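The structure under discussion appears below in the form of structure tokens.
Model, not experiment: these values are computed from the prediction.
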Amino acid sequence: MMEMEIHQENSEINGIPGSASCLYDLFCTETPSLNSQSQRERWMISGPQERLDNLMRQAGNKYCADCGSSDPKWVSSSLGVFICIKCSGIHRSLGVHISKVLSLNLDDWTDEQVDSLVNLGGNTVINKKYEACLPTYVKKPKPNSSIDERSDFIRRKYEFLQFLDSEENLSCPFIPSHGRTSSSGQSSSSNNIPLPEKKRYDKQTTKNRIGLSFRNSWGRKDSENRTAKKSTSLAGMVEFVGLVKVNVVKGTNLAIRDIVTSDPYVILSLGNQSVKTRVIKNNLNPVWNESLMLSIPESIPPLKVIVYDKDAFKNDDFMGEAEIDIQPLVSAAKAYEKSSINESMQLGKWVASGENTLVKDGIISLEEGKVRQEISLRLQNVERGVLEIELECVPLTQ
């Protein structure tokens, strides 16, 4: 019975048209041992992390889809591309409705997420689509490109879809770089293609810093200070100085929005980034235990937390909000990196008071080399509800 189910699953995979079959066939080609039926079956029934590791080793996924940096450690699960740490910060700024960024090492992957990644096709397939009409005068970023160069290219590629596959756009607005020739006849005919009106947008970010260690990720040279000052005229400029991993643990005694219960989920926002948890049905004391990642801007805004009740046929109902000052956590991380402390200890705390939403003091501690903070929030602008969250500063190099 098990053998029949495996054969059926393989049959479905091999029968998928387009990117999924291309990705699987490419992986089999690059891994000759998988050409045997038994090896194919083993690959399909292996765990999500093992399958993810196999996808990471594909030739097209060994380099960042946007700048070509080697050994990318991040993935846009919604777009299906493997990206580097520098480009991942730009992807987060696009919003989760365009690009949802996950870590290959820090996030827990499910079979469904890996299946979705397989179906999207990987870097080679996705770049053929989103860079099909890339003109010769537009240069892709390189591993040492600045953040504003990355931001300009990534937004044009994924947000404004300026280089999209001609089949998706019906008419290709640019002359593809692989299709241009020096023939005057071809050039004159191509020039008759009307170019779309350029869309206005604010450039993101100046220069990002990736150190060899977490300590270096918080550091800043005087020359970089001068560079940033020169670029202050760029609206929407963002420079990321670290990452914060937010584990939404649970809610307690949340507000009722559906007669006797609610279907709550949480949205986290930091600057112009936002991520959200899954919906938990019919539960006023939901347990998410769901970790989400956000980039920390240099000018550190509060982490905003909003809880909603999911509704199928009308707008989602508001269930409360709160703000978290992550400055104490970042300051503790900076102080730790300047010290030689190795043992676990308390580094500081965010004191509960009538001026904030804390139920109790938010203790900042050092555990196994990680700077963490546990916070219990009293939701505001709602009749009741408490949310428990764990924060952790993550090295940029991970």
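Separation of the Tyr158 and Tyr130 ring centroids falls under the 6.0 Å cut-off.
Hydrophobic clustering of Ile, Leu, Val, Met, Phe, Trp and Tyr side chains at less than 4.5 Å, counting indirect connections, unites Val330 with Ile341. Note: the hydrophobic cluster containing Val248 does not contain Ile306 (ILVMFWY, side chain heavy atoms under 4.5 Å, direct or indirect links). Residues Val249 and Trp288 do not share a hydrophobic cluster, clusters being chains of Ile/Leu/Val/Met/Phe/Trp/Tyr side chains in contact below 4.5 Å. There is no path of hydrophobic side-chain contacts, each under 4.5 Å, that joins Tyr308 to Leu254. Leu161 and Val81 fall within a single hydrophobic cluster, where Ile, Leu, Val, Met, Phe, Trp and Tyr side chains are chained together by heavy-atom contacts under 4.5 Å.
Taking a 6.0 Å sphere around NZ of Lys245, one finds it holds more than 12 heavy atoms contributed by other residues, nucleotides or ligands.
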Query - Stepwise side-chain hydrogen bond (donor to acceptor under 3.5 Å, both in side chains) check, Arg156 with Gln162 - result: CA-CA 6 Å; Arg156 294 178 70 178; Gln162 291 185 351; 2.5 Å; yes
Query - From CA spacing to verdict: side-chain hydrogen bond (donor to acceptor under 3.5 Å, both in side chains), Arg57, Asn54 - result: CA-CA 5 Å; Arg57 288 194 289 270; Asn54 289 333; 2.5 Å; yes
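Side chains of Leu391 and Ile375 form a contact here, defined as non-hydrogen atoms less than 4.5 Å apart. Residues Asn247 and Glu388 fail the side-chain proximity criterion, which asks for heavy atoms closer than 4.5 Å. Contact annotation: the side chain of Leu377 approaches that of Ile389 to within less than 4.5 Å [non-hydrogen atoms, C-beta and beyond]. Looking only at side-chain heavy atoms (C-beta outward), Ile363 and Leu347 stay at 4.5 Å or farther from each other. Counting heavy atoms from C-beta on, the side chains of Leu294 and Leu303 come closer than 4.5 Å.
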Please list every donor-acceptor pair under 3.5 Å in which a side-chain atom of residues 318-325 meets a protein atom from a residue at least two apart or in another chain.
| from | atom 1 | to | atom 2 | distance (Å) |
| --- | --- | --- | --- | --- |
| Glu321 | OE2 | Asn381 | ND2 | 2.5 |
| Asp325 | OD1 | Gln327 | N | 3.0 |

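Looking only at atom types and distance, the side chain of Glu367 has a donor-acceptor partner in the side chain of Ser365 under 3.5 Å away. Looking at Ser295 and Arg92, their side chains do bring a donor and an acceptor atom within 3.5 Å of each other. For the residue pair Ser116 / Gln113, no side-chain donor-acceptor distance below 3.5 Å is found, with atom types taken as modelled. Using a 3.5 Å distance cut-off with no hydrogens or angles, the side chains of Asp148 and Ser146 do pair a donor with an acceptor. Looking at Ser99 and Ser76, their side chains do bring a donor and an acceptor atom within 3.5 Å of each other. In the model, Asn283 has no side-chain atom that pairs as donor or acceptor with a side-chain atom of Lys250 under 3.5 Å.
Take Glu374 and apply the side-chain hydrogen bond (donor to acceptor under 3.5 Å, both in side chains) test, not counting sequence neighbours, and it matches no residue. By the side-chain hydrogen bond (donor to acceptor under 3.5 Å, both in side chains) test, Tyr265 pairs with Asp316, sequence neighbours left out.
In this structure, Ile364 CD1 and Arg372 CZ are separated by 14.0 Å, a value rounded to the nearest 0.5 Å.
Residues Asp53 and Arg51 are not paired through a salt bridge, judged by the lack of any N-O separation under 4.0 Å between the basic side chain and the carboxylate. Salt bridge annotation for Arg257-Glu383: present, with a cationic side-chain nitrogen under 4.0 angstrom from a carboxylate oxygen. Comment: Asp66 does not engage Lys140 in a salt bridge, judged by the lack of any side-chain N to carboxylate O separation of less than 4.0 angstrom.
Proximity of a side-chain donor or acceptor of Asp361 to a complementary backbone N or O of Ala352 within less than 3.5 Å is detected.
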